[in-house]
Amino acid sequence: QVQLVESGGGLVQSGGSLRLSCAASGRTLNTYTMGWFRQAPGKEREFVAAITWSGGRTDYADSVRGRFTISRDNAKNTVYLEMNSLKPEDTAVYYCAARGGWTISTRNWAYDSWGPGTQVTVSS
């Protein structure tokens, strides 16, 4: 399995921006589809964004489409989530996940490896 560690979370005002990073070790990411999920207090973990191994295809939750951008640098074994126009409802723990397949999935159970998460808090 690949080991994942997220970074870049923090406290930001509504309308602000953050860039999350997900660094991988153990295996190279160039054969994995990568995803970002989030979990707010009292809520289930939900899909945010995903990107295929080549970066040629991405998918987003409707709630973040147009505000968030997922990207990857396979040479650096890192995946990013650029978050703009943040809202208080974006407050959650954000998780990076790896899926050993060629296709995007929005389902938690489709991903094999998970990072510990990074907290994002958006104040109003």
Side-chain angles (χ1 to χ4, degrees):
Q1 275 191 337
V2 61
Q3 287 78 48
L4 305 172
V5 177
E6 305 90 342
S7 62
L11 174 64
V12 63
Q13 289 189 335
S14 181
S17 299
L18 281 175
R19 188 195 197 200
L20 304 183
S21 297
C22 173
S25 62
R27 292 191 177 184
T28 59
L29 288 182
N30 59 5
T31 59
Y32 287 85
T33 291
M34 300 299 296
W36 285 97
F37 291 76
R38 67 186 181 187
Q39 188 167 18
K43 296 187 177 181
E44 294 187 353
R45 191 170 300 187
E46 65 175 3
F47 171 76
V48 175
I51 187 168
T52 53
W53 70 274
S54 66
R57 185 187 165 211
T58 58
D59 195 12
Y60 297 91
D62 289 342
S63 59
V64 307
R65 194 182 308 273
R67 299 188 297 122
F68 290 11
T69 302
I70 187 171
S71 62
R72 65 191 298 163
D73 186 336
N74 288 338
K76 294 183 178 180
N77 239 22
T78 302
V79 178
Y80 306 97
L81 185 68
E82 184 77 33
M83 306 187 294
N84 298 315
S85 302
L86 283 162
K87 306 174 182 179
E89 50 264 44
D90 294 318
T91 295
V93 177
Y94 283 71
Y95 299 90
C96 174
R99 164 177 162 79
W102 305 100
T103 59
I104 284 176
S105 175
T106 63
R107 306 300 179 99
N108 294 358
W109 50 259
Y111 290 79
D112 308 302
S113 300
W114 293 81
T118 185
Q119 176 71 46
V120 171
T121 303
V122 184
S123 63
S124 56

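Keep in mind that the numbers below use all heavy atoms, side chains included, and drop hydrogens, waters and symmetry copies.
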So, D90 and K87, do they make that salt bridge, N to O below 4.0 Å? no
Once ring pair (Phe, Tyr, Trp, His ring centres under 6.0 Å) is applied, what residue pairs with a partner in residues 24-80 remain, sequence neighbours excluded? F37-F47, F37-Y111, F37-W114, W53-W102
Rounded to the nearest 0.5 Å, what separation is found between the [atom1] atom of [X] and the [atom2] atom of [Y]?
{"X": "E6", "Y": "C22", "atom1": "CD", "atom2": "SG", "result": "5.5 Å"}
{"X": "S113", "Y": "M34", "atom1": "OG", "atom2": "CE", "result": "8.5 Å"}
{"X": "M83", "Y": "T69", "atom1": "CE", "atom2": "OG1", "result": "11.0 Å"}
{"X": "D112", "Y": "Q1", "atom1": "CG", "atom2": "CD", "result": "6.5 Å"}
{"X": "D59", "Y": "S105", "atom1": "CG", "atom2": "OG", "result": "9.5 Å"}
{"X": "S17", "Y": "R67", "atom1": "OG", "atom2": "CZ", "result": "10.0 Å"}

Are [X] and [Y] joined in one hydrophobic group, where the rule is that I, L, V, M, F, W and Y side chains link up if heavy atoms are under 4.5 Å apart?
{"X": "I51", "Y": "I104", "value": "no"}
{"X": "Y95", "Y": "L81", "value": "no"}
{"X": "V79", "Y": "L18", "value": "yes"}

Can you check whether [Y]'s main-chain N or O pairs, donor with acceptor, with [X]'s side chain at less than 3.5 Å?
{"X": "S21", "Y": "S7", "answer": "no"}
{"X": "T52", "Y": "R57", "answer": "yes"}
{"X": "R72", "Y": "G55", "answer": "no"}
{"X": "T78", "Y": "A23", "answer": "no"}

Please check if atom CZ in R45 has more than 12 non-hydrogen atoms from other residues, nucleotides or ligands closer than 6.0 Å. yes
Taking the side chain as everything from C-beta on, heavy atoms only, tell me whether E46 gets closer than 4.5 Å to R38. yes
Taking side chain as C-beta onward, heavy atoms only, is V2 less than 4.5 Å from N77? no
Please check if any side-chain donor atom of R99 sits under 3.5 Å from a side-chain acceptor atom of T103, or the reverse.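 Judged by distance alone, the side chains do pair up.
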L11 vs Q119, side chain to side chain contact (heavy atoms under 4.5 Å, CB included): CA-CA, chis, key distance, verdict: CA-CA 8 Å; L11 174 64; Q119 176 71 46; over 6 Å; no
From the list V12, T91, L86, side chain to side chain contact (heavy atoms under 4.5 Å, CB included) with T121 holds only for T91
